Student: 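Dropping the structure in here first, questions after.
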2 protein chains.
Amino acid sequence: MRSPCPICAALDLVGDKWSLLIVRDMIWLGKTRYNQFTDSPEHIPTNILADRLKRMERFGLIQSKPYQDNPPRHEYHLTDKGLELRPVLIEMIHWANKHIPGTITPPVPID
Amino acid sequence: MRSPCPICAALDLVGDKWSLLIVRDMIWLGKTRYNQFTDSPEHIPTNILADRLKRMERFGLIQSKPYQDNPPRHEYHLTDKGLELRPVLIEMIHWANKHIPGTITPPVPID
DNA sequence: GTTTTCTACTTGCATTTTACAAGTTACGTG
DNA sequence: CACGTAACTTGTAAAATGCAAGTAGAAAAC
């Protein structure tokens, strides 16, 4: 930890360009599998996705459950800790819709 | 822009480990000068600080005002666009205080 | 029943970003 | 006039990111 500041601590976990987009896909689009995340319009690189899924599981934001044995495959689901990032994302949506032209209010209800 | 998604657009501006810490210092600690930011407990590297101040000004999150001519020095102040990141930060504080042990509720009132 | 496609990754490598240390420039103090 | 301070800049090593290609097994297509 860089400091005991809660904002700093949060940024240590999700302060990058990709983690919160994965959370977004899980919360509002119900995505759970590898391919579904790579299909998103931002086109996350596959090595970054693999890394973030591992990282987020290590941090307790998501949990992976195997859904077949051979070859081993898993689905990724948000834990409570991950799910509760939702208010943060909602405020980011409000802010961006107000201040960044060209952003589109999501077609799904956000709250 | 990677996509018109508001969350993605917000992350393109502040999706890194340092920008929001500078905003935090401005909102709750009233910091405006270079040295004040380097004094924070996270110890931002000076080149990163210089880069972020320029970047955030380019994005319209802050505005720099000269307060002396020779040598040229400026103070940095949040614009409305920057100030309104406050609800995002507040949700991050709530989240971290609940889910990351060792974080300390800030000594200043957050809302 | 073999070739092709699909899923879920991993690997290699070039580019970019970050981190740390040291240097610079002009002013302010004793 | 030596010394400290504010606000940077520069150099360089380390880490993160991005892109393309490769892989292994299963399922689908022909």
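Side chains included, hydrogens not; waters and symmetry mates left out as well; all remaining heavy atoms used. So you know, we letter chains A, B, ... as the sequences are listed, proteins then strands, and number each from 1. Everything numeric in this text was worked out from a predicted model, so none of it was measured.
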Student: In whole angstroms, how far is the P atom of dT15(C) from the NZ atom of K17(A)?
Tutor: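 Interatomic distance, NZ of K17(A) to P of dT15(C): 21 Å.
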Student: Would R2(A) and D12(A) pass as an ion pair if we require N to O under 4.0 Å?
Tutor: yes
Student: Could you tell me the separation between the CZ atom of R55(A) and the P atom of dA16(D), rounded to a whole number of Å?
Tutor: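 Atom CZ in R55(A) sits about 8 Å away from atom P in dA16(D).
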Student: From dT25(C), dT10(C), dG18(D), pick the nucleotide closest to the side chain of P45(A)?
Tutor: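 Given the options dT25(C), dT10(C), dG18(D), the side chain of P45(A) is closest to dG18(D).
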Student: Would you mind reading off the distance between D39(A) atom CG and dT7(C) atom P, rounded to a whole angstrom?
Tutor: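 Distance check: D39(A) CG to dT7(C) P gives 8 Å.
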Student: Provide the closest heavy-atom pair for G60(B) versus T79(B) in the form atom of the first, atom of the second, distance.
Tutor: O-OG1, 2.6 Å
Student: Should L21(A) and M1(B) be regarded as members of a common hydrophobic cluster, given that ILVMFWY residues are connected when their side-chain heavy atoms come within less than 4.5 Å of each other, either directly or indirectly?
Tutor: no
Student: Of the nucleotides dT10(C), dC20(C), dC8(D), which has the atom closest to the H74(B) side chain?
Tutor: dC8(D)
Student: In terms of side-chain heavy atoms of D16(A), which of dA24(D), dC8(D), dT17(D) is nearest?
Tutor: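 Among dA24(D), dC8(D), dT17(D), the one nearest the side chain of D16(A) is dT17(D).
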Student: Starting at atom CZ of R33(B), determine the distance to atom C1' of dT5(D), rounded to an integer number of angstrom.
Tutor: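 Atom-to-atom, R33(B) to dT5(D), this comes out as 13 Å.
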Student: On a heavy-atom basis, which atom in I104(B) and which in P6(A) lie closest, and how many Å separate them?
Tutor: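 It is O-CD, 3.2 Å.
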Student: Give a yes/no answer on whether the side chain of W18(B) brings an N or O atom under 4.0 Å of OP1 or OP2 in dA19(C).
Tutor: yes
Student: Tell me which of I48(B) and N47(A) sits closer to the 5' end of DNA chain C, going by the nucleotide each one is nearest to.
Tutor: N47(A)
Student: How close or far is atom P of dG11(D) from atom CG of D51(B), stated in whole angstroms?
Tutor: 17 Å
Student: Pick the closest DNA chain D nucleotide for H43(A) and for Y34(B) by heavy atoms, then say which residue is nearer the 5' end.
Tutor: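 It is Y34(B), whose closest nucleotide lies nearer the 5' terminus.
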Student: Expressed as a whole number of angstroms, how long is the span from R73(B):CZ to dT25(C):P?
Tutor: 12 Å
Student: How would you label the contact of Y76(A) with the nucleic acid (heavy atoms, under 4.0 Å): base, sugar-phosphate, or nothing?
Tutor: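 It contacts sugar-phosphate atoms only.
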Student: Side chain of T46(A) only, heavy atoms from C-beta on: which candidate in dC8(D), dA20(D), dA7(D) is closest?
Tutor: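 Nearest to the side-chain atoms of T46(A), counting from C-beta on, is dA20(D).
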Student: So which of R33(A), K31(A), K65(A) actually passes salt bridge (Lys or Arg N to Asp or Glu O under 4.0 Å) with E75(A)?
Tutor: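 Answer after filtering R33(A), K31(A), K65(A): R33(A).
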Student: For L49(B) and dT17(C), what is the distance between atoms CG and C1' respectively, to the nearest whole Å?
Tutor: 16 Å
Student: Indicate whether OP1 or OP2 belonging to dA7(D) is found under 4.0 Å from a side-chain N or O atom of K54(B).
Tutor: no
Student: Could you tell me how far apart K65(A) (NZ) and dA8(C) (P) are, to the nearest whole angstrom?
Tutor: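 So the NZ-P distance, K65(A) to dA8(C), works out to 16 Å.
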